Amino acid sequence: DLLVFAAASLGGPLDRVVAAWEEQGGAEVTVSYAGSSALARQIAAGAPADIFISASAEWMDDLEGAALIGPGSRRDLLGNDLVLIAADPQAVPVDIGPDLDLVTMLGSGRLAMALVDAVPAGQYGRAALESFGLWAEVEARVAQSENVRAALALVASGAAPLGIVYGTDAIEEPRVTVLGRFPADSHPPIRYPAALVADADAEAAAFLDFLSGAEAAAIFEAAGFSVPWTSQPDEKVSP
Amino acid sequence: MTDWLGPEEWQAVRLSLKVSASAVAASLPLGLICALALAKGRFPGRQLLNGLVHLPLILPPVVTGYLLLIAFSRQGPLGSLLEPFGISFAFSWTGAALAAAIMAFPLMVRPMRLAFEAVDPGLEAAAATLGASRLRVFATVTLPLALPGVVAGAILAFAKAMGEFGATITFVSNIPGETRTIPTAIYAFLQMPGGEGAALRLVAVSVALAMGALLASEWLSRRIARRVAA
Amino acid sequence: MTDWLGPEEWQAVRLSLKVSASAVAASLPLGLICALALAKGRFPGRQLLNGLVHLPLILPPVVTGYLLLIAFSRQGPLGSLLEPFGISFAFSWTGAALAAAIMAFPLMVRPMRLAFEAVDPGLEAAAATLGASRLRVFATVTLPLALPGVVAGAILAFAKAMGEFGATITFVSNIPGETRTIPTAIYAFLQMPGGEGAALRLVAVSVALAMGALLASEWLSRRIARRVAA
Amino acid sequence: MIAIHVKKRLGAFDLDAGFEAPPGVIALFGKSGSGKTSLINAVAGLLRPEAGRIEVDGAVLFDGAARIDIPVHRRRVGYVFQDARLFPHMSVAKNLAYGGRHDRDRVIDLLGLDTLLDRRPAALSGGERQRVAIGRALMSDPRLLLMDEPLSALDAERKAEILPWLERLRDEAGLPILYVSHAASEVARLATTVVVMEAGGVRRVGAVAEVLSDPAAVGMIGAQEAGAVVRARIAGLDRIDGLTELALSGGRIVLPGRLGQLGTHLRLRISAQDVILAREKPQGLSALNILPAEVTAVDEGPEGAAVGLLCGTDRLLARVTRRSARALRLEPGQRVWAIVKASAVAPDDVGGAV
Amino acid sequence: MIAIHVKKRLGAFDLDAGFEAPPGVIALFGKSGSGKTSLINAVAGLLRPEAGRIEVDGAVLFDGAARIDIPVHRRRVGYVFQDARLFPHMSVAKNLAYGGRHDRDRVIDLLGLDTLLDRRPAALSGGERQRVAIGRALMSDPRLLLMDEPLSALDAERKAEILPWLERLRDEAGLPILYVSHAASEVARLATTVVVMEAGGVRRVGAVAEVLSDPAAVGMIGAQEAGAVVRARIAGLDRIDGLTELALSGGRIVLPGRLGQLGTHLRLRISAQDVILAREKPQGLSALNILPAEVTAVDEGPEGAAVGLLCGTDRLLARVTRRSARALRLEPGQRVWAIVKASAVAPDDVGGAV
Ligand SMILES: Nc1ncnc2c1ncn2[C@@H]1O[C@H](COP(=O)(O)OP(=O)(O)OP(=O)(O)O)[C@@H](O)[C@H]1O
Ligand SMILES: Nc1ncnc2c1ncn2[C@@H]1O[C@H](COP(=O)(O)OP(=O)(O)OP(=O)(O)O)[C@@H](O)[C@H]1O
Ligand code: MOO
Ligand SMILES: [Mg+2]
Ligand SMILES: [Mg+2]
């Protein structure tokens, strides 16, 4: 049996990948979803996890630094992008760049984001706005949520007129309208690194490979994730 | 002390105190009414009221935050009701206080209710024979005798409000100076690798404040209890 | 009902009941001792004990979970102490129960303490003159008379345990069948696009269960109160 | 006029009591558990009867048929509870003033409360507590006073101080009092009407002089407690010996102490055990009080005989052994001498009905 | 032997009381607030004295100097509180059995508790509660009984039933009893020793016969309550009239009722107001009890004179008006006739010290 620690935002598609794996006769997989920080700390405290899928590179770096992950097993499993969403269904798409007049668009409202210092989605969003020189003028107008799903809820409920969330979040929320996508180069690449936990066995390695395989890729892509490794297949490493 | 907490953290501390105190002060009258109704009332729907009061305790805080968000958004049932009056809790410290008040409400009501139930009905009857109306009996006999429990409930609620996080951040988000209370700041630090140190400093402040409140409440209850029983 | 909750959700429901009930049952003796010590004891460090008991209420749950994680990890001060005995709370349902017990502890102790304080010392003195030792006085007079408060505390703690999320997920993660209680399952659903429906179903179950417990407690307390006062 | 009729079931106990009485002090007399407290609780409004009617001086406090049920706090009843029920969080002064400050200084003085005013009830003795409770009820200026064994926790001296004050309340303020007591001497001193209760019902109602002087009632009241009540006028005062001479309808008697102004009227309780009977007028006795009387009834019981006497127009009661009754050939119509050692004497005003 | 010496400051009140007394019933007599309850609380262990020593029948319960302080539950004191303090969550039966089941059936029968056994205390009347409290203390088989005005809530009939039982406890079981009461008649019937308290201190200690027959003590005890206690032997029984003839040291008297077995000894309280004095032997009185006596002391007070008498070897007490005292020329050494209407009479066993 395998225990996978995965960032909570991977919920739906990862469950489907696990189902596909088990259907093919793979070992039973249990997934524990929580915030990446909590999972990383638990692994550091000796959690019996076999695989860790983080929503941020930082926490994976942290574990790698402490030699808690299988050497060479780390890979960027998934990618994502950032979108600007609006509560107003009639809102017209905009060009996302240095000319974006977010302040005017917000009016008296707030811009919903995840915590800009602490939660990856917020950190990426802040980097993007900084790269356009927009951060200084909107900083005071940002409402920061505990996680990106809460930011999405702020917009979906109409509490905030605009928000910055992952593309995958916007897909399944009918109450929000995507106004535009942030260019990939406006923020550090959004990556979900995955790795084996230090003393994982061969079965875990097999599942990690399955996660990186074509069948899994199809499922993740259907959910809106990008699959960066498909363009760099030779970076795959087997333990 | 000013050295090891930055200005933003001090702001969070001040805000937390303001939010928690306001939450307790504003919900106290309703809390008393609910406690009294649950303790002495015999009306249909009493069980329902009891359940309602306890709901925030049972629900994960994030869910409570979501429900508040939905209810008080501009299109929400309560938000649309209040909007014509210019009342809005969205993204303001009053919203944080509302969230804290709701989360702390069950903790406020329970001890008060128990205290009201423990007041000897014989003394209330004696007051009535001396010509005291129901209201006067309450104000001069029931409430003073239940005061240790009432204070306990209020301080308990204050402590809970100081620690409330999930519902607050979900409902009113985290806006420095407006809704960024101590727990949100702590949460943010804990999300960052290496943020533990800063988080623990804030934890220390938070613990000190709430302990101070608890000590004060103990001292107060004992004074009251001495007045009442000795 | 089985249609609209999947097997995994049923698992979470069963687990939540097991975790909450175990948490309350296991912490009840300590809760009684603490409540009694705080109500009747006059010893140095009473204020410290009082503060300690309330700590989980004041701290954001995530912080409590984090502290538990550090304390009970294999290298942690408590974890290393318990390891030789084969006791481990790490990532098992017992850990979830521990987290729930600690988070619910202040809510358990407060009403019990108030109830103990409200017991007429004259009756305890009467029991002593009839030859009852301290222990017998407690078991036959103090405890029965405080029973409504004790039951209130236990049920309140149960309700809180049913809703506990932050400390649990931080301490023992969110492992289906082992540590995935209703609130963590709700959290996981809320993180998934389109998971709100499933989350709301679980919220409904959670509310129904906790309300059931509350109703049962009301009924029980009233029966006890009638036995005690009428 | 006070008219009380109540029906109420309490567990296995059935309260079904009714009586009417003129204003004054109505003594509720009866064994433990006979329903006295329940009855005055109904008058106070603390116990809601299933049916009945309670009227005090023209004011209807309760009427089951007319659906009248005045709330407790509007009934203006001063209630001295069997357990004092002081407010534990208030000083004695605050307790006293809770219902009003009617006649404050006199009440404090009478009940000896001045040194207690700053104390909390927990620091009072049992008797002190009861005194405060009495003061609190009096100061609320009630139209009806309910007293449930108010004096049983007090020492004799304090009792002797408080009783005249209650009498004055009854007479000067015209305050009706419903008074529960086990002590016939208290009842005799205070009561206008005696209501004897038994098992939730009223067994006997009547003017105090009539009930207490009835040989047939001795069994109900208790042999030790039986005794007649008569009205007397102060006919002389002996300042040197500190004596008061009283004129009864059937003769004069002398009592120790200065009992009042010349010419005023007193109520006199003459305990049945304090009356000695003689066929011939005795000489040289320390008891100076020898009255001619006629035997009206002899009620023989297991422990002796209760003898009803007519002395002038006053009814007296004597208890003698059966042997004495035979030796003196006591039978209705027989003329005897009654030698009286009057014990409990209460000054009573001219207006006071006996 | 019971030896109690305690010092304790309670707010402004200073308890500093000490006395020694032979086993039996020690009556604590004193005004409200004189410290009676505080004193027995110290004996029970509910109030810790600052200094002192408490010894009961050789067992040291407290000794400040030797740092002995037996915990309450090991003192084996049965305490009947001024407020009954029944356990509200237990039935009467459970309350009774809480401290033990000593002599259960007799206690239940005596106190008339059989119909109450299944009730909760809240459904009891005031007197019923006190009876249960007495039963509970008795059933715990104590080595010392503390009773704080236990009978004041009871009616005369019930009192008359319970008193002989307490007497039997004292005599048969040899159970020492510390008894607080305001009623001298209770004290006279029960007490072996009388302790008069005032303002936290002991004002007088002595054997009951000695204290109660001392004319100088009349002021402390109350004029109404004063009266001597004597020892008498049953010298004759009159079955037809239901009389008992008693032999005192100074003569014979006849009392109503069958008071015991021929030849046994009784304790007899003769209230000072029940004694009439005469210079010549009176004839044809209903009071058959005429004893020759010698005046030993005359104590004149504002309301009359207390006269000490020696009748055989028994001391009696009479209260007469000052006018009578003069008319009869009462002075020490004067021989008089005492006419007795004995009222409260308690059967007492031969062994009972008077
Ligand atoms: N805790 C206390 N603080 C101050 N004064 C007290 C305290 N407890 C008792 N007293 C005072 O001590 C005195 C003695 O009280 P205690 O109860 O012993 O009297 P008592 O003789 O039993 O009177 P009673 O016959 O009225 O019951 C009273 O004047 C009372 O007010
Ligand atoms: N709630 C109740 N349930 C059942 N029985 C009750 C209840 N309340 C009172 N009783 C019974 O009713 C009867 C009358 O009680 P009440 O208190 O009126 O008596 P009382 O005449 O005042 O007696 P006491 O002189 O002893 O105070 C008692 O036998 C008592 O046990
Ligand atoms: O319990 Mo919560 O998880 O954040 O307040
Ligand atoms: Mg009563
Ligand atoms: Mg007392």
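Proteins get letters first, then strands, A, B, ... in listed order; numbering begins at 1 in each. Since we're looking at a predicted model, the values are computed, not measured.
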Segment of [X] engaging chain C (4.5 angstrom heavy-atom cut-off):
{"X": "Ala153(A)", "answer": "neither"}
{"X": "Ser37(A)", "answer": "neither"}
{"X": "Leu3(A)", "answer": "side chain"}

Spatial distance of atom CD (Gln42(A)) from atom CZ (Phe91(C)) [nearest 0.5 Å]: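 CZ of Phe91(C) is found 4.5 Å from CD of Gln42(A).
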Where at least one partner belongs to residues 175-189 of chain C, residue pairs that pass salt bridge (Lys or Arg N to Asp or Glu O under 4.0 Å), sequence neighbours excluded: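 Non-adjacent pairs meeting salt bridge (Lys or Arg N to Asp or Glu O under 4.0 Å): Glu8(C)-Arg180(C).
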Of all pairs that satisfy salt bridge (Lys or Arg N to Asp or Glu O under 4.0 Å), the ones with a partner from residues 98-116 of chain C, not counting sequence neighbours: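 Sorted pair list: Glu218(B)-Arg110(C), Glu218(B)-Arg113(C), Arg113(C)-Glu117(C).
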Close contacts, residues 25-32 of chain A versus chain C, judged by heavy atoms under 4.5 Å: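 Under the 4.5 Å heavy-atom cut-off, Thr30(A), Val31(A), Ser32(A) qualify.
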Per-residue contact mode, Phe171(C) against chain A (heavy atom under 4.5 angstrom):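 Only the backbone of Phe171(C) comes within 4.5 Å of chain A.
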Whether over 12 other heavy atoms sit under 6.0 Å from Gln24(A) CD: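 Yes, because the 6.0 Å sphere around CD of Gln24(A) holds more than 12 heavy atoms from other groups.
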Residues that Tyr187(C) engages under ring pair (Phe, Tyr, Trp, His ring centres under 6.0 Å), provided they are two or more places apart: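 Residues passing ring pair (Phe, Tyr, Trp, His ring centres under 6.0 Å) with Tyr187(C): Phe165(C).
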Contact winner vs chain C - Ala34(A), Gly46(A), Ala47(A), heavy-atom pairs under 4.5 Å: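 Most heavy-atom pairs under 4.5 Å with chain C: Ala47(A).
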